[in-house]
Visitor: 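Take this structure first; my questions come after.
For clarity, every value in this text was computed on a predicted model and none was experimentally measured. Heads up: numbering here begins at 1 and tracks the sequence.
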Amino acid sequence: MSDRPTDRHLLTRELIAAGGVAAIVARDAPDLRLLTEAERAASLRATLAARPPGDVWLFGYGSLIWNPTIHSVERRPARIEGWHRAFCLTVRAGRGTAENPGLMLGLDAGGDCTGVAFRIAEEALEAELALLWRREMVAGSYVPRWVDALDAAGRRFGSAIAFTIDAAGEQYAGGLAREIVVERLATASGALGSAAEYLFQTRDGLRAHGIPDPELERLAAAVEAAQALAAEDGTTAD
């Protein structure tokens, strides 16, 4: 049995600003190398140095859809090309443990992805992106990059920051067998909640914005079925 604390936290602006996400990861996954404040700041500077002309948008494809934690002045559905939504990030803290790692979404190479774009006001840009980097760039699992944000007709309406997966990183978990993905999503849990909750809330967030994702729907149904079967087996065993 692990003696790791089981306290739960909500992912809020206040928790992120206070460094709470990094603290949780450092506590629950002590062998994972975290980015230093200097490395995180350098990453943000490099991203802004490559900024295309025009407004700054953020592309949300997972939890940013239903819990953005940043302030924005506009949000709208958007599609990007060259990347697809996938449970390809293994997590041993937050929504999993070292003993039972969870999975979270990343943008993996190939295909396309429809999510939600958030436009950030210029006067708030520095503060909001600093908060965003504290949330997303804890361990360097993502590579932030600029992508073209497209509307439903395929017309480009702006440039967005997207957090794509680092396929060379130690947390990359692309290409897992479907039964492993289902098992990990159905059973993993950590200080920020369960992997299943993350999946279901992403599904519900996409539905709320009228964004279809048949594969995510099928995956959520499989996880719900796995949890129901486990609960039934548990009842029978009692």
Visitor: What is the minimum heavy-atom distance between Ala78 and Ala117, and which atoms define it?
Guide: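 Closest approach of Ala78 to Ala117: CB-CB, 3.7 Å.
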Visitor: Ion pair present between Glu215 and Arg203, side-chain N to carboxylate O less than 4.0 angstrom?
Guide: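 Judged by the 4.0 Å cut-off on N to carboxylate O distance, Glu215 and Arg203 do not form a salt bridge.
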Visitor: How many angstroms lie between CG in Leu103 and CD1 in Ile180, if you round to the nearest 0.5 Å?
Guide: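 One finds 9.5 Å between CG of Leu103 and CD1 of Ile180.
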Visitor: Working to the nearest 0.5 Å, report the span between CZ of Arg13 and CG of Asn67.
Guide: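 The CZ atom of Arg13 sits 11.0 Å away from the CG atom of Asn67.
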Visitor: With no hydrogens and no angle check, do the side chains of Arg135 and Ser63 hold a donor and an acceptor under 3.5 Å apart?
Guide: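 There is such a pair between these side chains.
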Visitor: Phe163 and Trp133: aromatic ring centres closer than 6.0 Å?
Guide: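 Yes, close enough.
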Visitor: Could you pull out the closest heavy-atom pair between Val73 and Ala121, with the gap in Å?
Guide: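 Minimum heavy-atom separation between Val73 and Ala121: CG1-CB, 3.8 Å.
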Visitor: Carefully, step by step, assess Ser159 and Trp57 under the rule side chain to side chain donor-acceptor pair (under 3.5 Å).
Guide: CA-CA 6 Å; Ser159 297; Trp57 295 77; over 6 Å; no
Visitor: How close do Ala186 and Gln227 get, heavy atom to heavy atom, and via which atoms?
Guide: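 Of all heavy-atom pairs spanning Ala186 and Gln227, the closest is O-NE2, 3.1 Å.
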Visitor: Determine, step by step, whether Leu105 and Tyr198 satisfy the side chain to side chain contact (heavy atoms under 4.5 Å, CB included) criterion, reporting the C-alpha distance in whole Å, the side-chain angles of both residues, the deciding distance to 0.1 Å, and the verdict.
Guide: CA-CA 9 Å; Leu105 289 166; Tyr198 173 91; 3.3 Å; yes
Visitor: Please round to the nearest 0.5 Å and tell me the distance separating atom CG of Leu64 and atom OG1 of Thr69.
Guide: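 So the CG of Leu64 and the OG1 of Thr69 are separated by 6.5 Å.
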Visitor: Please find the pair of heavy atoms, one from Ile211 and one from Gly115, that lie closest to each other, and give the distance.
Guide: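 That would be CD1-O, 3.3 Å.
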Visitor: Say you draw a straight line from OG1 of Thr164 to OH of Tyr61; how long is it, rounded to the nearest 0.5 Å?
Guide: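 With rounding to 0.5 Å, OG1 (Thr164) is 7.5 Å from OH (Tyr61).
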Visitor: Would you please say whether a donor-acceptor pair under 3.5 Å links the side chains of Arg8 and Ser189?
Guide: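 Per modelled atom types, Arg8 and Ser189 side chains form a pair under 3.5 Å.
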Visitor: Which value, rounded to the nearest 0.5 Å, describes the distance between Ser72 atom OG and Leu58 atom CG?
Guide: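 Reported to 0.5 Å precision, the distance equals 8.5 Å.
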Visitor: Do Val181 and Phe200 sit in the same hydrophobic cluster, where Ile, Leu, Val, Met, Phe, Trp and Tyr count as joined when their side-chain heavy atoms come under 4.5 Å apart?
Guide: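 Hydrophobic grouping puts Val181 with Phe200.
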Visitor: For a quick check under 3.5 Å, do Gln171 and Ser141 share a side-chain donor-acceptor pair by atom type?
Guide: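 A pair is found: one side chain offers a donor N or O, the other an acceptor, under 3.5 Å apart.
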Visitor: Regarding Thr187 and Asn100, do their side chains bring together a donor and an acceptor under 3.5 Å, going by distance alone?
Guide: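 Yes - a donor-acceptor pair under 3.5 Å links their side chains.
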Visitor: Does the distance from a Lys or Arg side-chain N to an Asp or Glu carboxylate O, for Arg92 and Asp31, drop under 4.0 Å?
Guide: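 Salt bridge between Arg92 and Asp31, a charged N being under 4.0 Å from a carboxylate O: yes.
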Visitor: Could you give me the CA-CA distance, side-chain angles and deciding distance for Phe118 and Val56, then say whether side chain to side chain contact (heavy atoms under 4.5 Å, CB included) is met?
Guide: CA-CA 8 Å; Phe118 302 86; Val56 171; over 6 Å; no
Visitor: Would a 4.5 Å heavy-atom cut-off, applied to side chains only, mark Val138 and Leu35 as touching?
Guide: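 No, side chains not in contact.
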Visitor: So that I can tick it off, tell me whether Glu136 and Arg40 are bridged by a salt bridge, with the cut-off set at under 4.0 angstrom between side-chain N and carboxylate O.
Guide: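 The answer is no: the pair does not qualify as a salt bridge.
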Visitor: Name the one of Tyr172, Phe87, Trp83 that satisfies side-chain contact (heavy atoms from CB on, under 4.5 Å) with Asp108?
Guide: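 Going through Tyr172, Phe87, Trp83 one by one, the side-chain contact (heavy atoms from CB on, under 4.5 Å) with Asp108 is satisfied by Tyr172 alone.
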Visitor: For residues Glu123 and Leu125, determine if any side-chain heavy atom of one lies less than 4.5 Å from a side-chain heavy atom of the other.
Guide: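 Side-chain contact under 4.5 Å: no.
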Visitor: Side-chain heavy atoms under 4.5 angstrom apart, residues restricted to Ile, Leu, Val, Met, Phe, Trp, Tyr: same cluster for Leu34 and Leu131?
Guide: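 Same hydrophobic cluster.
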Visitor: Got a sec, which pairs hit salt bridge (charged side-chain N to carboxylate O under 4.0 Å, His left out) with one end in residues 183-194, sequence neighbours left out?
Guide: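 Sorted pair list comes back empty.
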Visitor: If the threshold is 4.0 Å, N to carboxylate O, is there a salt bridge linking Glu217 and Arg207?
Guide: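 Yes, charged N to carboxylate O under 4.0 Å.
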Visitor: I need the full list of salt bridge (charged side-chain N to carboxylate O under 4.0 Å, His left out) pairs touching residues 63-82, with sequence neighbours left out, sorted by first then second residue.
Guide: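 As it turns out, the salt bridge (charged side-chain N to carboxylate O under 4.0 Å, His left out) pairs with a partner in residues 63-82, which skip direct neighbours, are Glu74-Arg119, Arg79-Glu81.
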Visitor: For Leu216 and Leu199, what are the C-alpha separation, side-chain angles and deciding distance, and is it a side chain to side chain contact (heavy atoms under 4.5 Å, CB included)?
Guide: CA-CA 8 Å; Leu216 198 75; Leu199 165 63; 3.7 Å; yes
Visitor: Between Thr114 and His84, is the side chain to side chain contact (heavy atoms under 4.5 Å, CB included) condition met? List the steps.
Guide: CA-CA 8 Å; Thr114 300; His84 67 280; over 6 Å; no
Visitor: What about Leu176 and Met104, same hydrophobic cluster or not, with Ile/Leu/Val/Met/Phe/Trp/Tyr joined at side-chain heavy-atom distances under 4.5 Å?
Guide: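 In one cluster with Leu176: Met104, yes.
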Visitor: Check whether any side-chain heavy atom of Ile165 lies under 4.5 Å from a side-chain heavy atom of Leu107, and answer yes or no.
Guide: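 Side-chain contact under 4.5 Å: no.
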Visitor: Salt bridge or not between Arg85 and Asp213? Use side-chain N to carboxylate O under 4.0 Å.
Guide: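 Yes.
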Visitor: Out of curiosity, Leu192 CG to Ile24 CD1, how far, rounded to the nearest 0.5 Å?
Guide: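 Interatomic distance, Leu192 CG to Ile24 CD1, rounded to 0.5 Å: 4.5 Å.
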Visitor: Show, in sequence, the C-alpha distance, side-chain angles and deciding distance for Glu122 and Arg51, and conclude whether the salt bridge (charged side-chain N to carboxylate O under 4.0 Å, His left out) test is met.
Guide: CA-CA 13 Å; Glu122 191 67 32; Arg51 174 184 174 178; 2.8 Å; yes
Visitor: Who are the ring-ring contact (aromatic ring centres under 6.0 Å, His included) partners of Trp66, not counting sequence neighbours?
Guide: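 ring-ring contact (aromatic ring centres under 6.0 Å, His included) list for Trp66, sorted by chain: empty.
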Visitor: Does a side-chain heavy-atom distance below 4.5 Å link Val182 with Leu219?
Guide: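 Side-chain contact under 4.5 Å: yes.
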Visitor: Could you pull out the closest heavy-atom pair between Ile120 and His71, with the gap in Å?
Guide: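 Heavy atoms of Ile120 and His71 come nearest at CG2-O, 4.2 Å.
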Visitor: State, to 0.1 Å, how close Phe59 and Ile80 come at their nearest heavy-atom pair, and which atoms those are.
Guide: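 It is CE2-CD1, 3.7 Å.
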